[in-house]
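Just so you know, these numbers use all the heavy atoms, side chains as well, and skip hydrogens, waters and symmetry mates. Predicted model, so just to flag it, every value in this text is computed and none were measured. Numbering starts at 1 and runs along the sequence shown.
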Amino acid sequence: MAAMLAGKIPLGMGTVGVVVSGGNIDVTLLNRIIEKGLVEEGRQVHLKTTVGDRPGQLAKVLRRVAELHANVIRVEHERWSPTLSPAEVAIQMVLETRNREHVQEIVENLRIDGYNVSIQS
């Protein structure tokens, strides 16, 4: 394609095939595109909640996520934020899910359990 765009392929040679493969795409950009697609399909969700800053609270919420059959991809446990009280921690989770209905099931069950859960975009 680059040769064609640069005029390096002489005209009148007959039929010319051009392969467009994306082989030079930035891997980080490709990862973002894939992750965005997974989120849009409901196969991945980014959730945020807060819990009390006490031993076992992170394990408790992660155990509940496991019971709901979601796979934890990433967890961030943040103890300092201007919006948190000294007795709270924020938990951000990236979960692998089956579909949009599974995402709703997870969110609803966590809310029933008393977690103030929000879906992050």
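L84 and A90 get closest at one heavy-atom pair: CD1-N, 3.6 Å. For the residue pair V51 and Y115, the shortest heavy atom distance occurs at CG1-CE2, 3.7 Å. In this structure, L110 and L47 approach most closely via the heavy-atom pair CD1-CD1, 4.1 Å.
The side chain to side chain contact (heavy atoms under 4.5 Å, CB included) test applied to E67 returns R63, R64, not counting sequence neighbours.
Side-chain contact check for Q104 versus I119: some heavy-atom pair is nearer than 4.5 Å. Within the 4.5 Å cutoff, side-chain heavy atoms of M93 are placed close to those of L62. E78 has its side chain out of reach of K48: every pair of non-hydrogen atoms, C-beta onward, lies at least 4.5 Å apart. With a 4.5 Å cut-off on side-chain heavy atoms, Q57 and D53 do not count as touching. Counting only heavy atoms from C-beta outward, the side chains of V89 and T50 never approach each other to under 4.5 Å. Considering only heavy atoms from C-beta on, H46 comes within 4.5 Å of R74 through its side chain.
Cluster annotation: V117 is connected to V72 through the hydrophobic network of ILVMFWY side chains, with a link wherever side-chain heavy atoms come within less than 4.5 Å. A single hydrophobic cluster is seen to contain both L95 and V75, as judged by linkage of ILVMFWY side chains at heavy-atom distances under 4.5 Å, directly or through other members.
A donor-acceptor pair under 3.5 Å is formed between the side chain of T97 and the backbone N or O of G42. At least one donor-acceptor pair closer than 3.5 Å links the side chain of N109 to the backbone N or O of E105. With R100 contributing its side chain and E40 its backbone, the two residues share a donor-acceptor pair below 3.5 Å.
Taking CD from E41 and CG from N99, the interatomic distance works out to 10.5 Å, rounded to the nearest 0.5 Å. Atom OG of S118 and atom CD of Q92 lie 8.5 Å apart (nearest 0.5 Å). Note: R43 CZ to E96 CD = 7.5 Å, rounded to the nearest 0.5 Å. Here the CG atom belonging to L58 is positioned 11.0 Å from the OG1 atom belonging to T49, to the nearest 0.5 angstrom.
The environment of NE2 in H69 is sparse: at most 12 heavy-atom neighbours from other residues, nucleotides or ligands sit within 6.0 Å. For N116, the CG atom counts as loosely surrounded, since its 6.0 Å shell holds 12 or fewer non-hydrogen atoms of other residues, nucleotides or ligands.
Exactly one of V94, N71, I34 qualifies for a side-chain contact (heavy atoms from CB on, under 4.5 Å) with Q44. That residue is V94.
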